Amino acid sequence: MCGFGGYFGSVREAEALLKRMVTAIAHRGPDERGTFVAPEAGLGHVRLSIVGLGDGQQPMSDATDDLTIVFNGEIFNYVELRDELRAKGRHFRTSSDTEVILHLYDEMGEDCLSVLNGDFSFAIRDARRNRMMLARDRMGVRPLFYATRGETLYFASEIKALLQVPGIAAEIDPIALDQIFTLWAPIAPRTGFRDIYELEPASFMIAERGRQTIRPYWRLDYPDRDATSRFVNECDAAEELRALLSDATRIRMRADVPVGSYLSGGLDSSIVAALAAGMAPQGLRTFSVTFDSAEHDESAYQMQMAAALGTQHSAVACRAGDIARVFPEVVRFAERPIIRTAPAPLYQLSGLVREQGLKVVLTGEGADEVFAGYDIFKEARVRRFCGRQPGSRIRPHLFRKLYPYLPGLQQQSAEYLAAFFGAGDVPLDDPLFSHRPRFKSTAATKIFFSPDLRASLAGYDAAEELASRLPQDFGRWHALHQAQYLEGRFLLPGYILSSQGDRMAMAHGIEGRFPFLDHRLVEFAAGLPPEMKLKGLVEKHILREATKDLMPEAIGKRTKQPYRAPDSLSFTGVGELDYVREAMSEDRISAGGLFNPRAVAKLYEKCQSQPVSGFRDNAAFVGILSTQLWLKTFTGTSIHTAEAA
Amino acid sequence: MTETIKDKVRAFVIENFLFGDTSYDLADTASLIENDIIDSTGVLELVAFIEDHYGIAMADADIVPANLDSLARISAFIEVKAGATVAA
């Protein structure tokens with residue numbers, strides 16, 4: 001796990017530029033750094049040594065020096081791939097997975113991507129063909145950003161490295177801001193920065209002679225809703241699932257350093273930790289976050305699971321004031337406005353892992369997307385159920401069952417519940433049916449947009465753009481699969497794996513590994529009949545069946561408790577903080593030009609005066625504060641002229 | 001009388017849910033939910049406002065969109081519940 005930056009084309013003072021780029025992302029690789037400069041190409045790398053500790057330095061060239069690679073991530077099946085390559089007569093100079101990619105590229109070109117099982121982004125300079133190839137893993141675990149200036153392509157693991165390039169300046173992209181304040185994340189390849197893009201998951205770019213071609217090499221795919229499934233027997237499916245998940249975990253335990261595991265107290269991380277504990281004869285270390293507020297805290301389940309597994313467990317307390325304390329750093333690492341504070345405790349958690357001396361942790365991330373665990377899947381099912389009898393006073397009560405942790409909803413009448421969830425309002429054949437209420441309630445935060453920003457957006461509709469990006473056969477999929485696709489293809493890489501995942505872990509030089517996102521498991525789960533995943537209103541049914549022997553019954557049967565953290569209260573419940581007051585002040589809001597200063601002042605006052613805020617107010621507060629911090633951090637001046645791209 | 005109640009409700013909605021945005025074209029009959037002006041927490045804020053300002057004790061059965069989902073409905077509801085005592 002590491003970070004890299006580079007360019008393809010002409011630059012001045014290449015060595016100095018590469019050094020500045022990798023210095024900007026030094027947190028990703030505290031162990032080593034290196035640069036490589038050739039005519040018309042340069043690569044820089046910072047290394048977090050995990051595999052091939054003594055001989056995996058990068059940039060790494062092949063024996064001919066024609067191919068040179070910088071690589072961020074892990075190829076988990078590198079052992080098997082290396083054996084196959086050796087059998088073909090290939091000789092290896094190192095024990096690293098990096099060299100395996102070089103040999104594979106040499107043999108297969110870009111087709112090598114199809115045999116890699118891993119979380120990766122990399123750049124290969126190919127002197128023979130005078131080109132640069134960039135690639136990114138299937139699910140979007142590892143990041144890769146790029147920008148072009150003139151004829152030159154620049155790329156890096158984080159945007160802050162690209163900002164070291166003369167001529168690349170930080171300017172917020174208003175369209176991206178609209179997308180964040182509607183969908184929670186920009187739609188790739190767009191980022192929060194104007195004219196800086198990300199390579200989409202499961203894609204590669206070939207750059208040659210000032211021209212770039214981007215192509216996908218894999219796609220998240222689901223069967224037609226009427227297709228006959230090969231899975232007719234639930235026991236057989238559970239058995240196959242267990243075997244795949246065990247193997248996905250096994251190969252993610254490969255490292256030349258100890259591997260730990262996050263343990264949230266929920267089902268997914270408990271499964272991963274249980275499987276890992278069984279594969280770690282030297283014992284497993286587990287890590288978790290605890291909260292002061294009972295509403296968010298899961299420490300009882302964490303302790304129960306740690307005791308059941310016999311792990312050496314450590315926890316970091318997220319106390320009142322902690323989220324506000326780290327939030328400016330969270331925004332700096334996330335590199336985009338965020339509408340939730342949930343990344344902040346994960347930033348603290350990776351700090352704990354680093355303090356304890358580990359570099360690698362397994363997590364349960366991805367299970368909710370792959371096996372239909374999120375409340376939104378159940379919500380969509382209940383909305384369809386209500387939509388069939390729009391006047392029913394009984395059916396909307398099911399919404400309460402979905403959200404027992406939201407007190408505001410528990411007190412609502414059936415009529416209000418139906419109205420809030422738009423039961424019966426959204427056409428059943430709307431491709432965004434499952435997510436319309438979320439997008440609508442999030443978009444309500446745009447009431448705070450300034451007149452200039454609204455004018456520059458000129459009626460732009462983020463949800464419609466999202467709908468336009470759906471694959472042609474989307475309409476033939478089962479409704480649950482459509483909802484899973486929206487989560488897995490957009491929100492997972494756009495928010496969960498980036499703002500909450502890679503960026504928060506790598507802020508402290510920690511590599512997260514995600515057994516549930518092994519592409520073999522993802523493909524297997526996509527082919528399962530929907531009712532094996534969401535059985536009635538029981539989420540992740542088949543996963544529970546496949547793993548029920550791994551944990552105490554109390555955890556195995558837990559209803560999904562979404563990972564949440566206190567939002568606006570994190571900033572207003574601990575006394576007034578100087579940086580918050582400054583960022584939300586009328587002067588700064590006016591200077592930023594993105595929000596209505598008077599409205600923001602009233603929002604701030606409202607959040608200060610009443611401890612319980614609704615979703616819209618919370619999301620708006622966190623979104624506005626993070627945008628203001630983004631402006632200050634990346635533009636330095638917090639002054640911006642709103643103008644859509 | 002109705003205008004007075006409606007004006008007060010309008011002022012509350014603009015101040016509390018539209019954050020002072022008087023330019024918002026809020027029709028008397030516009031749905032507060034469909035126009036994303038109010039969410040589940042907002043309903044409880046609205047109930048507290050009605051109870052505090054008009055001395056009305058709202059039963060659970062009163063808290064339904066038919067009574068509260070537009071300025072016109074809210075003011076009509078208050079008028080019926082509070083009767084002549086609201087006039088002041």
Side-chain angles (χ1 to χ4, degrees), chain A residues 182 393 396 399-400 403 406-423 425-426 436-437 439-451 454 568 595-607 609-621 624, chain B residues 8-53 56-74 76-78 80-81:
Chain A
T182 305
R393 288 180 54 83
F399 289 117
R400 285 205 193 100
Y403 299 101
L406 296 180
L409 270 187
Q410 295 301 312
Q411 300 170 48
Q412 302 295 341
S413 61
E415 291 87 344
Y416 258 126
L417 289 170
F420 288 134
F421 288 99
D425 292 349
V426 182
R436 283 287 183 197
F439 294 161
K440 194 165 181 286
S441 59
T442 305
T445 57
K446 293 190 284 190
I447 191 176
F448 295 97
F449 280 8
S450 68
R454 286 185 207 197
S568 65
F595 304 105
N596 179 332
R598 187 158 168 260
V600 173
K602 285 184 182 298
L603 173 67
Y604 190 22
E605 189 182 317
K606 182 179 178 184
C607 290
S609 63
Q610 61 185 55
V612 179
S613 297
F615 173 81
R616 191 266 310 261
D617 294 356
N618 268 318
F621 185 95
I624 293 165
Chain B
K8 284 184 180 175
V9 172
R10 177 184 288 277
F12 170 75
V13 169
I14 288 174
E15 188 70 10
N16 205 58
F17 300 128
L18 295 174
F19 299 92
D21 183 2
T22 52
S23 67
Y24 191 98
D25 186 15
L26 181 59
D28 287 353
T29 54
S31 164
L32 300 179
I33 294 175
E34 285 176 21
N35 289 287
D36 301 313
I37 294 168
I38 204 165
D39 59 16
S40 59
T41 307
V43 170
L44 302 180
E45 292 170 28
L46 178 61
V47 169
F49 165 79
I50 294 170
E51 290 186 338
D52 292 348
H53 284 74
I56 298 169
M58 293 187 68
D60 288 353
D62 292 330
I63 306 172
V64 291
N67 290 335
L68 303 175
D69 196 35
S70 70
L71 297 181
R73 288 181 184 184
I74 298 167
F77 172 78
I78 293 171
V80 169
K81 281 283 183 180

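Predicted model only: the values in this text are computed from it and were never measured. Just so it is clear: chains get the letters A, B, ... in the order the sequence lines come, proteins before strands, and each one is counted from 1.
At least one donor-acceptor pair under 3.5 Å links the side chain of A:K606 to the backbone N or O of B:N16.
Between the OH atom of A:Y403 and the OG atom of B:S40 there is a distance of 11.0 Å, given to the nearest 0.5 Å. Atom CD1 of A:I447 sits about 9.0 Å away from atom CG of B:D36, to the nearest 0.5 Å. B:L44 CG to A:Q412 CD: the interatomic distance, rounded to the nearest 0.5 Å, is 5.0 Å.
Annotation: side chain of A:Y416 is in contact with side chain of B:L68 (closest heavy-atom distance under 4.5 Å).
A:Q411 touches chain B through its side chain: at least one heavy atom from C-beta onward sits under 4.5 Å away, while N, CA, C and O do not. For a residue to count as touching a neighbouring chain, one of its non-hydrogen atoms must lie under 4.5 Å from one of that chain's; by this rule B:I37 touches chain A with the backbone only.
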Please set out all donor-acceptor pairs under 3.5 angstrom arising from side-chain atoms of residues 19-27 of chain B, sequence neighbours excluded.
| from | atom 1 | to | atom 2 | distance (Å) |
| --- | --- | --- | --- | --- |
| B:D21 | OD1 | B:S23 | N | 3.1 |
| B:D21 | OD1 | B:S23 | OG | 2.5 |

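The shortest heavy-atom contact between B:V64 and A:S413 is CG1-OG, 3.7 Å. Across all non-hydrogen atoms, the minimal contact from A:Q610 to B:E45 is NE2-OE2, 3.0 Å.
Evaluation of the side-chain contact (heavy atoms from CB on, under 4.5 Å) rule for B:D69 yields B:S31, B:L32, B:I33, B:P65, B:R73 as partners, not counting sequence neighbours.
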